[in-house]
There are 2 protein chains.
Amino acid sequence: MKNYSRQREAILSVISSTDTHPTADWIYTEVRKLIPNISLGTVYRNLADLRQSGMVLSVDVGDGKEHFDYDTSPHLHLSCKACGKIIDARLKSDPIASLSEDYGFVPEIPVYVVRGYCAACKSNSLNPQ
Amino acid sequence: MKNYSRQREAILSVISSTDTHPTADWIYTEVRKLIPNISLGTVYRNLADLRQSGMVLSVDVGDGKEHFDYDTSPHLHLSCKACGKIIDARLKSDPIASLSEDYGFVPEIPVYVVRGYCAACKSNSLNPQ
DNA sequence: TTTAAAATCAGTAACGATTACTATTTTATT
DNA sequence: AATAAAATAGTAATCGTTACTGATTTTAAA
């Protein structure tokens, strides 16, 4: 991602224009309204670049598709298994306990995923992304 | 999942025999040591059944594959982006803050996913899985 | 400006995890 | 045992994503 490209700018503008958590395919159809002949591969490649550079966030809610988020500030995603909606939530004291009170959201199974680097790997400075 | 099947029993025994978080493919190769001509489709179908019935847990760490967990008790999964290892962790007071202290684990981006049912859908009793 | 190297592109083929399909076998019930 | 429902093996298809290739665009320097 060394050079400017009109395509990447359009992709970023599409992501920043929504407060949903769009998939690559949705972004593709939207960005084609700006650049009709843009390639799906281009969308995927630029999304990977934007994610790697930290400009957008990758959200995995377990529906088999990668979702993207323009908001990179610390927050939780409440993903509803019924309607698929992804709700942005902010941390307070105990994030788990306050979910029902604050959002009326019932966590299905109290198992959560935290991604990062384990003790063995965090000192290993050759970790990409 | 109304009738007994030797295949499902073998699949469950394979999952229960490890404390890793195996994928369908790993389970397939392992269970073939017990039932050499078992079909990959059978593995997938039974895993879906076991997950639906709550006997195993589905873990999505964002590597494009579904992982399974025999331990259905409340815990977090710390997935290392470098080595792919999935570490089981237990909640204390503030799950986020204590991660570095307790496990030496550095969360990459403080955004977490919680799956469940939103306020609109939780009263809707026709929600599968 | 012209130019050349590097980066990016469009288009398409390939990939891998998962799901769907079908004819056959197994299970539970009579 | 006879029957119907459920589960199977094997294979084909699906779908999100990645890889490839030759053409185009961008950058930086002459």
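Here is how names work: the chains are called A, B, and so on, in the same order as the sequence lines, proteins then strands, and each is numbered from 1.
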Atom-pair distance ([atom1] on [X]; [atom2] on [N]), nearest Å:
| X | N | atom1 | atom2 | result |
| --- | --- | --- | --- | --- |
| B/Asn46 | D/dA7 | CG | P | 8 Å |
| A/Glu9 | D/dT26 | CD | P | 11 Å |
| A/Asp25 | D/dT14 | CG | P | 17 Å |
| B/Arg45 | C/dT19 | CZ | P | 12 Å |
| B/Asn3 | C/dT26 | CG | P | 14 Å |
| B/Lys2 | D/dA6 | NZ | C1' | 9 Å |
| A/Gln7 | D/dT24 | CD | P | 14 Å |
| B/Tyr28 | D/dT8 | OH | C1' | 13 Å |

Using a heavy-atom cut-off of 4.0 Å across all strands, would you classify [X] as base, sugar-phosphate, or nothing?
| X | result |
| --- | --- |
| B/Tyr44 | base |
| A/Arg6 | nothing |
| B/Leu40 | base |

For B/Tyr70, does the OH atom sit with more than 12 other heavy atoms under 6.0 Å from it, leaving out its own atoms?
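Counting other residues, nucleotides and ligands, OH of B/Tyr70 stays at 12 neighbours or fewer.
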On DNA chain D, does the nearest nucleotide to A/Thr23 precede the nearest nucleotide to B/Thr42 from the 5' side, or the other way round? Give the residue.
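This one resolves to B/Thr42.
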When you match B/Ile38 and A/Glu66 each to their closest nucleotide on DNA chain D, which lands nearer the 5' end?
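First, find each residue's nearest nucleotide; the 5'-ward one identifies B/Ile38.
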Sequence neighbours left out, cut at 3.5 Å: what donor-acceptor pairs do the side chains of residues 10-19 of chain B make with other protein atoms?
{"residue": "B/Ser13", "atom": "OG", "partner": "B/Ala10", "partner atom": "O", "Å": "2.8"}
{"residue": "B/Ser16", "atom": "OG", "partner": "B/Leu12", "partner atom": "O", "Å": "3.3"}
{"residue": "B/Ser16", "atom": "OG", "partner": "B/Ser13", "partner atom": "O", "Å": "3.0"}
{"residue": "B/Ser17", "atom": "OG", "partner": "B/Val14", "partner atom": "O", "Å": "2.7"}
{"residue": "B/Thr18", "atom": "OG1", "partner": "B/Thr20", "partner atom": "N", "Å": "3.0"}
{"residue": "B/Thr18", "atom": "OG1", "partner": "B/Thr20", "partner atom": "OG1", "Å": "2.8"}

Would you kindly say whether B/Asp71 and B/Ser73 are connected by a side-chain donor-acceptor distance under 3.5 Å?
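Note: B/Asp71 and B/Ser73 side chains meet the donor-acceptor criterion.
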So does B/Ser39 get a side-chain nitrogen or oxygen closer than 4.0 Å to the phosphate oxygens (OP1/OP2) of D/dG10?
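Negative; the distance criterion is not met.
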Phosphate contact (D/dT8 OP1 or OP2) by B/Ser5 side-chain N/O below 4.0 Å:
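Checking D/dT8 against B/Ser5, a side-chain N or O does come within under 4.0 Å of OP1 or OP2.
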Here's a test of your reading of the structure: between A/Asn37 and B/Lys65, which maps to the more 5' nucleotide of DNA chain C?
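Of the two residues, A/Asn37 wins.
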Between C/dT18, D/dA9, D/dT27, which nucleotide gets closest to the side-chain atoms of A/Tyr4?
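Nearest listed nucleotide: D/dT27.
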Atom OH in B/Tyr28, atom OG1 in B/Thr42: separation rounded to 0.5 Å?
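Between B/Tyr28 OH and B/Thr42 OG1, I get 9.0 Å after rounding to 0.5 Å.
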Between CZ of A/Arg8 and OG of A/Ser53, what distance do you get to the nearest 0.5 Å?
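The CZ atom of A/Arg8 sits 8.5 Å away from the OG atom of A/Ser53.
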